[in-house]
2 protein chains.
Amino acid sequence: MLEARLSEAAILKRLIDAIKELVTDANFECNEEGLNLQAMDNSHVALVTVNMQASGFKKYRCDRPMPLGVNMNSLTKVLKCAKDDDVCILKAADDADVLSLTYEARNTDRIAEYEMKLMDIDSDTLGIPDTEYDARVTMPSGEFARIVRDLSQLGESVRIEVSKEGVRFISDGEAANGNILLKQTDAPQRSGSSSKKKAKAESDDEEEAQATDEEEQEEEEDEDGEKKVKVKKEKAKKEKVKKEDGDVEMNGDEDEEDADYQQKEDEDEGEEEQDEEEESSSKKRKKPAKNGKPAKKAKKVKEENEDDDGPVGVSIEMNQHVTLTFSLKYLLNFSKSTTLSKKVVLMMSNDVPLLVSYDFGNGFIRYYLAPKIGDD
Amino acid sequence: MLEARLSEAAILKRLIDAIKELVTDANFECNEEGLNLQAMDNSHVALVTVNMQASGFKKYRCDRPMPLGVNMNSLTKVLKCAKDDDVCILKAADDADVLSLTYEARNTDRIAEYEMKLMDIDSDTLGIPDTEYDARVTMPSGEFARIVRDLSQLGESVRIEVSKEGVRFISDGEAANGNILLKQTDAPQRSGSSSKKKAKAESDDEEEAQATDEEEQEEEEDEDGEKKVKVKKEKAKKEKVKKEDGDVEMNGDEDEEDADYQQKEDEDEGEEEQDEEEESSSKKRKKPAKNGKPAKKAKKVKEENEDDDGPVGVSIEMNQHVTLTFSLKYLLNFSKSTTLSKKVVLMMSNDVPLLVSYDFGNGFIRYYLAPKIGDD
DNA sequence: AGCGTGTACC
DNA sequence: GGTACACGCT
């Protein structure tokens, strides 16, 4: 039996929106740690994985692992019936052939229940090509989307070159060629910039902790067997960081996203109960966050993003130069996830599939895309 | 060799946007005075000319005259890759077959370079139909766009009648007829509106000088000898006004734009050199402008336009009544240039092509359209 | 965020 | 040839 209570239906809506064009049917694998989805795109060129951790839900319960075979088209329709800020409850009985979705308006005046048919899907869960990445580029997701959109006007492919200079995106087209160089952002230029920070700072701590987690996760992915283990480890670490300091610079970026989500919840749903999963840690933040501003969440989110904008720069970590060519059509598709995170991470090694990762609070969506060969 | 550095890519974007539907290929004629484009529309009914003076660029260099044969479709694509506030650098080697466009983000963290193929275009540079205009109507460009849009819903043609009463736009359609009368705005309500004016006045003079040239070219057909004279006459007038007051409305508008650009440069690239071209005049404005707000340029521009909006009224100068009929389809197209200037000037004489002119800071875009005959 | 246009699929 | 989906623009 699954019961998962999501604070904002918008998160799920955006996730499904991001992948529905790529994937028509997929299994949501549910277990006590959360929901996972993995699917090849329809043309079997790209791989998508989605993860929503149990901790990202207001309430989460899954007695035993179960796959929910979902048709994205149906789910999209059903999710359109939810308002962005509705609380969304997912329920499925063991071996059920339907998924129940309940939308509760924030004031609880309105309760809508939908039951969506499930299907049996051969879950050819493939091992994720695991790699040790030689280059890792973090950049604002909007910037990535812009570049991909721009270049796809010129040609079908983009060559990505990562060097110490920065990362360069190159496209050759019939009428024109284009190349965009993003230099690595200088560095921690964030100090003393704002007064909002403060509220933020605390969330930063959280964020950073999470970021740390995320980073670790990724690293581990390379040897994925350990991934899970790591996750747990990270969690532990997170708490530790928080306790100790909470002001790690780099993590800050990634954390900020998390912070956003959490902060939002705090503000928007401050009146609500308690976050069970990780409350222990979140409680501390709750108050400070509230102090900041009880106002508009939408605005709040925006501010946060903007705050981050400054902070969210381009950062590059690399062991060696990497040059790869990809189909812009797919990257364009991936960049639909821009709404899920202000930041995107590209992981690359020569001759190995690119990993494009959007991490949001307590979850992520990742895309894998094989490079074109022969730089065609 | 050409190298032209434009403070804001938006200017070029808007220009090309305005003409791309009318013209598919055209030569940008570059010389030390600036860039000029002249082309018949695809159906050879209308003529478009564009001028961007060297003084409108942050930096401008053109060693020797050269034509750049551009496909508007390609250029449109490449320009879409520029953000409105990017600095845009155009470069072409002598006899090059490509035009290089470089976009620098204001923070310079992002540098995008595009190379667009050029083409050889038979520059059948036509003499511009030259006329002695019997009527000159100046009005808010938005007003013109609105009228054209409204009337094109009713019929295919508009009859424009200029009299002392004002200017009247008449359309007869199957389902309905419409006519719009614009009376001349009371009078000089422009005084005291700006302090910036000065610099601009000069460029205005230049433009008129240029206009004169163009007009002269074509004068042959009517009784052109006088045309020039006329233009000059106006010029003299204008100068006179300027000297007396310094607050000539028209000039003011254009000046403001300049001010913006300079201000921006100052702020963003304060470390850079100096504006060579018109610094002498701009300096005066510089300080006051800065005091206001060093912030968003976009906003700044907007403000200026808005500033002008108030002052921009309808003014009519005429020697005799004029009645002409035009295809609304083309006028609708011309009015795409509305974004380039808050003001538009219509120059008309009976049985002679209409001249529709949008002047912006240091340049203009002009359209010529032959009247329909027999008022069909 | 909504509307309109263009592209792709049935 | 029509319908539906996606993308871009206002």
Side-chain angles (χ1 to χ4, degrees), chain A residues 8-11 13-26 41-46 48 70-86 141-156 158 171 173 178 296-302 305 327-340 365 367, chain B residues 9-10 12-21 24 72-86 141-142 145-146 148-150 152-153 298-299 301-302 305-306 309 329 332-333 335-340 342:
Chain A
E8 299 206 5
I11 298 167
K13 292 174 75 165
R14 276 179 273 163
L15 266 174
I16 301 307
D17 220 62
I19 65 176
K20 69 163 190 277
E21 196 181 337
L22 226 41
V23 177
T24 54
D25 301 299
D41 86 293
N42 298 327
S43 50
H44 283 252
V45 172
V48 195
V70 169
N71 173 276
M72 292 302 158
N73 235 308
S74 304
L75 183 52
T76 300
K77 285 180 183 165
V78 174
L79 286 174
K80 276 193 182 147
C81 304
K83 298 175 80 173
D84 277 2
D85 59 351
D86 281 350
S141 56
E143 188 83 57
F144 179 68
R146 180 50 133 89
I147 289 169
V148 165
R149 185 162 21 95
D150 285 353
L151 293 186
S152 53
Q153 291 189 115
L154 307 182
E156 298 195 332
V158 62
S171 178
K296 320 105 194 200
K297 73 181 74 189
K299 195 179 174 201
K300 178 60 171 187
V301 174
K302 197 164 183 204
N305 283 338
S327 157
L328 281 163
K329 175 183 149 200
Y330 285 96
L331 299 185
L332 203 52
N333 215 308
F334 299 169
S335 66
K336 280 186 168 179
S337 295
T338 300
T339 49
L340 285 160
I365 179 165
Y367 302 92
Chain B
L12 191 54
K13 292 175 76 166
R14 276 178 272 163
L15 266 174
I16 301 306
D17 220 64
I19 66 177
K20 69 163 191 276
E21 197 180 333
T24 55
M72 293 301 157
N73 236 308
S74 302
L75 183 53
T76 299
K77 282 182 183 167
V78 174
L79 286 174
K80 274 192 185 153
C81 302
K83 297 172 87 167
D84 277 2
D85 60 351
D86 281 347
S141 56
R146 181 49 134 87
V148 165
R149 184 161 24 96
D150 286 353
S152 55
Q153 292 190 88
K299 191 169 179 211
V301 175
K302 201 168 178 198
N305 284 338
E306 286 170 0
D309 276 357
K329 174 184 149 200
L332 201 53
N333 215 309
S335 65
K336 281 183 163 182
S337 295
T338 300
T339 49
L340 286 159
K342 85 243 159 283

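Computed from a predicted structure; not experimentally measured. Side chains are part of it too, since the values below use all heavy atoms of this structure and drop only hydrogens, waters and symmetry mates.
- For D/dC7, one of the phosphate oxygens OP1 or OP2 lies less than 4.0 angstrom from a side-chain nitrogen or oxygen of A/K336.
- When rounded to the nearest whole Å, the span between NZ of B/K20 and P of D/dG8 equals 14 Å.
- Sorted by first and then second residue, the salt bridge (Lys or Arg N to Asp or Glu O under 4.0 Å) pairs with a member in residues 70-83 of chain A form an empty list; sequence neighbours excluded.
- For A/Y330 and D/dA6, the OH to C1' distance is 16 Å, given to the nearest whole Å.
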Q | A/F334 vs A/V148, side chain to side chain contact (heavy atoms under 4.5 Å, CB included): CA-CA, chis, key distance, verdict | A | CA-CA 10 Å; A/F334 299 169; A/V148 165; over 6 Å; no

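- With sequence neighbours left out, A/S152 forms a side-chain contact (heavy atoms from CB on, under 4.5 Å) with A/L328, A/L332.
- Remark: B/D17 pairs with B/K20 by the salt bridge (Lys or Arg N to Asp or Glu O under 4.0 Å) rule, at least two apart or across chains.
- Atom NZ of B/K83 is separated from atom P of D/dC9 by 15 Å (rounded to the nearest Å).
- Legend: residues meeting side-chain contact (heavy atoms from CB on, under 4.5 Å) with A/E156, ordered by chain and number and at least two apart, are absent.
- If you measure from atom CD of A/E21 to atom P of D/dA6, you get 5 Å, rounded to the nearest angstrom.
- The interatomic distance linking B/L79 (CG) with D/dG8 (P) rounds to 17 Å, in whole Å.
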Identify the pairs formed between an N or O of the protein and an N or O of nucleotides 3-10 of chain C at a distance under 3.5 Å, and give each distance.
none

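- When the C1' atom of D/dG8 is taken as reference, atom NZ of B/K77 falls 15 Å away, rounded to whole Å.
- B/R14 has its CZ atom 16 Å from the P atom of D/dC9, to the nearest Å.
- Remark: A/T24 pairs with A/N42 by the side-chain contact (heavy atoms from CB on, under 4.5 Å) rule, at least two apart or across chains.
- A/F334 has its CZ atom 14 Å from the P atom of D/dC7, to the nearest Å.
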